[in-house]
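Report on the following structure.
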Number of protein chains: 4
Amino acid sequence: MAADINSVTIVGRLTRDAELKYTNSGSAVTGMSIAVNRTRKDGDQWVEEANFFDVSLWGRRGESLNQYLQKGTRIAVTGELRQDRWEQDGQKRSRVVIHANNIQLLGGNSPGQGTPGQGFSGNNQRPNQGYQNSGNNSYNNVSNNKPSYENYPSGNAGGSGNFEDDIPF
Amino acid sequence: MAADINSVTIVGRLTRDAELKYTNSGSAVTGMSIAVNRTRKDGDQWVEEANFFDVSLWGRRGESLNQYLQKGTRIAVTGELRQDRWEQDGQKRSRVVIHANNIQLLGGNSPGQGTPGQGFSGNNQRPNQGYQNSGNNSYNNVSNNKPSYENYPSGNAGGSGNFEDDIPF
Amino acid sequence: MAADINSVTIVGRLTRDAELKYTNSGSAVTGMSIAVNRTRKDGDQWVEEANFFDVSLWGRRGESLNQYLQKGTRIAVTGELRQDRWEQDGQKRSRVVIHANNIQLLGGNSPGQGTPGQGFSGNNQRPNQGYQNSGNNSYNNVSNNKPSYENYPSGNAGGSGNFEDDIPF
Amino acid sequence: MAADINSVTIVGRLTRDAELKYTNSGSAVTGMSIAVNRTRKDGDQWVEEANFFDVSLWGRRGESLNQYLQKGTRIAVTGELRQDRWEQDGQKRSRVVIHANNIQLLGGNSPGQGTPGQGFSGNNQRPNQGYQNSGNNSYNNVSNNKPSYENYPSGNAGGSGNFEDDIPF
DNA sequence: TTTT
DNA sequence: TTTT
C-alpha cells in the first residue's frame, strides 16, 4: 500500500570518476562508487574498514556535477535505497543502489571548498576512457554517447531543465 | 580518515519471519528481509514496486523483538549501510545489508499497535523450521542453536544485557 | 556556498488534527504537531518521554492527505529541518519546523492500514472549528479559506497538480 | 508506546566555537550552533538562505572533539531531534535541539582533512571568553568549570571512557 | 527467494 | 498547548 519511507544519507569518497551515461529514452544517469569508512574495535585497537556502495544520480544535476565528481572527491549523498534488477545469462541478479536525490561536494579533489568553475579548467582534459564499464553494470540500454537532443521531443534529457536540476552546487 | 556519516531509515514489511542466530563467539544476530514499496508513474498510471533489502540486528534487542518480527509485520528501521563480504567457491561475494540500530514495530501482523505480549500466545507455537537457512546466507559460523552461556565467559550474548538492548518496545 | 545536506525522518502521532491553509499567493500548506516518544532510563526504570515538533507539508499532497491527518494518527515523516522566522511585537522570533517532503500514514486513527477512502465516511462529519488557530502561528498571510482558483493564474495551489503531489497514499 | 524512530543528518558550519560544559552530575555536554544553507529560487534567481540549529553532543566524544569544533568548521551531524524544556520567569519555554550521536569533521577551519593534532597548536591560544553564554542557554546546572573527578565516583564524566566515546575522529 |  |  503506497510509498514507504526510504531515506539514506552517507558521506564518503568516490573510488573512481563518475560516469555520465544516457538511457535509450534520453535520460541522463550518473553512476558512482563511494567508499564509506567506519571504525571498529579489533581487540583494543581501532581499525578502519571501508564499505563500498553504488550511487546513481538521474537527470540534469548529474550532468552539472559530473565534472567535479572525480576519484577521491568527498561527497555527501541523500537519497533512497533501490534495488536494481537485471538478467545475466538467464540468471536473475540484483544489487542495492543508492538513488541520490541530492549530492553535496565536500572537498577532497573537488572544488567543494573553492569556487566552482574556477581553476579547474584542466580537469576534463584527461579523457574518460570508460574502462569502468566492465563489471556489473546493470543499466539497460545505457550508452556513453550524448544523444542529439533533436531525437527527444520532450527535451527533458538535456534541455532547458526543470526546477530540481538547476540547483547550484 | 575516521568514521563517515552513514544513516538509513526505512519503513516496510517483513517478507518472512526473522531468524535469530548466534555466531561462534556467542553474539546474537537477527536477520530479516524487508519489502519497501515505492510508487512510480508508468505512463499516466501509478504502479507499485517492491524493493527488497536485508536487515540485521545484533545483540539482545533482537532476542527480545524476535518473537514479534513475523512475516508481514510492518517495521521502521534506523541504522547504517554495511557491506557483507564472504567467499563462495573461491569467489569473493558481497551484499549490502542494513545494520539496524533500532527497530520499531508498527503493526501489521505484529503487536505494534496493541499491547505486546497480549493476545499473541499462539505465535510461537508454530515451529520455526529454519528452512530459510538455504540460500545466500553470508554470516560466518552462525548457528541456530542457542549456545549454553557457560561457554561464553563474557556473557554478552544472552546475559544480563547492556543499556541499549534493554530498551522496551 | 550551495545547499547543505539536511535530512530528517521521524515517526510519531499527531497531537491534533492537521490544519490546511492557503498563503496569499495561493500555496496550500498543511500544518501539524507531532508527538515523538523516546524511552530513557530513570534510575533502573524505563520511562517514556514525549517530544513535540511542528511539521509543515506544502502543496497538493497536503490537500490529499489532510482528511486522514487527524489527532492520534501515527505517521512517518521525511523532510528537512527549517527555521521559521517572523516578527512579533517588534521582536524577532523563530522556531524549528520539519519541512516534510513525504508523509506516510501508519495507522492509529487513520486508514493507514486499511483501504483509504473506505469505511471512513464519518471522519469529516466532525466540523473543523479551526480553534487551533490561536497560539504561535507563524505563517504570514495564511488563511483557512480556500481561494477561488480564478484568482491565482498560475493555478498551482489546487489545480491540475504536478508530479510529486499526485503520489497515492 | 515505546521509542519512535527519530533520525536527523545535516551538514553545516559552526557559527561560533563549541562550548564544553559539565552538568552538576558531571556529564560533559558540548553545545554548538550550526548554519545549514539551502538554496531557493527567488523569481528566476537562486538565493542562499541560512538556517541555524542548536546541536548538543554528550559525553567524552565532545571532550575529544571540542578543540576542533571552532567557528567556521564544517561538520556533518547525525542524531535525533529533541525538545529542550525549561522555565524562565515562570514561563515555560522550549527549543528544538539536535542531540548528536556522531559528528564528523569535514574541513573548513578544522583539521578534518589533515592530520588531527598536527599544525594546530595555535588554535586554542585564543581565550574562550564564554561570552556565548548570554542568550537562551537552557541547560540546567551547567558550568564551564571542569569538575575535579574525585567528586564523581562513577567517573563517567571524563574518566576512562566507554566504547562509543573512544571512536577516533 | 519475497511483504501488504 | 499536546499523541498512544
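Order of the sequence lines sets the chain letters (A, B, ...), proteins ahead of strands, with each chain counted from 1.
- The side-chain hydrogen bond (donor to acceptor under 3.5 Å, both in side chains) check on B:R82 picks up B:E80, B:H99, with sequence neighbours excluded.
- In this structure, CD1 on B:I103 lies 4.5 Å from CD1 on B:I75, to the nearest 0.5 angstrom.
- Rounded to whole Å, atom P of E:dT2 lies 10 Å from atom CZ of A:R85.
- Following rounding to the nearest Å, B:I98 (CD1) and E:dT3 (P) show an atom-to-atom distance of 18 Å.
- Taking atom CD1 of residue A:I5 and atom P of nucleotide E:dT3, one finds them 22 Å apart after rounding to whole Å.
- A straight line from CD of C:E49 to P of F:dT2 spans 15 Å, rounded to a whole angstrom.
- Atom pair C:D17:CG and F:dT2:C1' shows a separation of 13 Å (rounding to whole Å applied).
- Between C:I75 atom CD1 and F:dT4 atom C1' the separation is 14 Å, expressed in whole Å.
- Atoms CZ (C:R16) and P (F:dT4) sit 14 Å apart, rounded to a whole Å.
- The side chain of B:S33 has E:dT2 as its nearest neighbour among E:dT3, F:dT4, E:dT2.
- Here E:dT4 presents its P atom at 7 Å from CZ of B:R13, a figure rounded to the nearest Å.
- You'll find that the side chain of C:T15 is closest to F:dT2, out of E:dT3, E:dT1, F:dT2.
- At distances below 3.5 Å, at least one donor-acceptor pair connects side-chain atoms of A:Q83 with backbone N or O atoms of B:F52.
- Evaluation of B:F52 against the base of E:dT3 yields no stacking contact (centre distance < 5.5 Å, interplanar angle < 30° required).
- When the side chain to side chain contact (heavy atoms under 4.5 Å, CB included) test is applied to C:T78, the partners found at least two apart in sequence or on another chain are A:I5, A:S7, C:T9, C:N102.
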